[in-house]
Amino acid sequence: EAHIKEEIKKAKEQDAETKYANDCLTAAVDNATVEVPQVLVDEEVDRMFTQFKQRLESQGFNFEMFSQMTGQDEKVIRAQMETDALNTVKVRLVLDAVAKKEGIEVTEEQIEAEFALIAANYNMPVEEVKKYFKGSVYTTLIPRNVRLAEAPSHGMPVIYYDPRCRGSVAYMEIKKKKKKKEEDII
């Protein structure tokens, strides 16, 4: 019984911490003046819609079946996702600004902790998780911005579309790291 009480106490503490963090984030976003480019919202709606279709498929449905059952087509679903997408982009922009201002960067320790969390969630050894992600995890953050989102609609990579934007600079940093890693292997 004491064990159960301790588990309940931990769960309540975790819930309180999560609520506090969410309340702080909500207050920061509500007080921020952020111009949200529509292209970023559209990109987020695309991501959300793709995830929605994947969830349906994991439950043995497809979007056509869902649409027939509910009478909602893709346009209606996407319109319903617009507000959540807008909020998600706002939060991301505010967090990016805070991270930049505070000089927050991802550390190797944080990456290791994330590998450990993934391993625990999937009941796998950490080394197996690392093998799966080998060569694809870098500490460089790719900041989302309008130029990064616009580039595909112009049929070109962002490094050609706007080589000086923050997204291009970050991708070039990854390219340098990848090249260095390949040189170290050879």
Check the pair T50 / Q54 against side-chain contact (heavy atoms from CB on, under 4.5 Å), numbers first and verdict last. CA-CA 6 Å; T50 299; Q54 289 170 343; 3.9 Å; yes
Steps toward side-chain contact (heavy atoms from CB on, under 4.5 Å) verdict (F63, E57): CA-CA 8 Å; F63 184 74; E57 289 170 8; over 6 Å; no
Test F52 against M81 for side-chain contact (heavy atoms from CB on, under 4.5 Å), laying out the working first. CA-CA 10 Å; F52 176 68; M81 293 175 171; 3.7 Å; yes
Residue pair R55, F61: steps toward the side-chain contact (heavy atoms from CB on, under 4.5 Å) verdict: CA-CA 9 Å; R55 281 193 308 274; F61 290 96; over 6 Å; no
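Of the inter-residue distances, the one linking E127 atom CD with F115 atom CZ reads 9.5 Å to the nearest 0.5 angstrom.
Between L117 and N121 there is a side-chain heavy-atom pair separated by less than 4.5 Å. Residues L86 and E82 have side chains not in contact (no heavy-atom distance under 4.5 Å, counting atoms from C-beta outward).
In the hydrophobic clustering of this structure, V76 does not group with M69; members are Ile, Leu, Val, Met, Phe, Trp, Tyr whose side-chain heavy atoms approach within less than 4.5 Å, directly or through other members.
Residues K90 and E44 are not paired through a salt bridge, judged by the lack of any N-O separation under 4.0 Å between the basic side chain and the carboxylate. Between E43 and R47 no salt bridge is recorded (no basic side-chain N to carboxylate O distance below 4.0 Å). At a threshold of 4.0 Å, the pair E128-K131 counts as salt-bridged, since one of the basic side-chain nitrogens sits closer than that to a carboxylate oxygen. Salt-bridge check for K19 with D23: passed, with a basic side-chain N closer than 4.0 Å to an acidic carboxylate O.
Checked by atom type and distance alone, the side chain of S67 never pairs as donor or acceptor with a backbone atom of E64 at under 3.5 Å.
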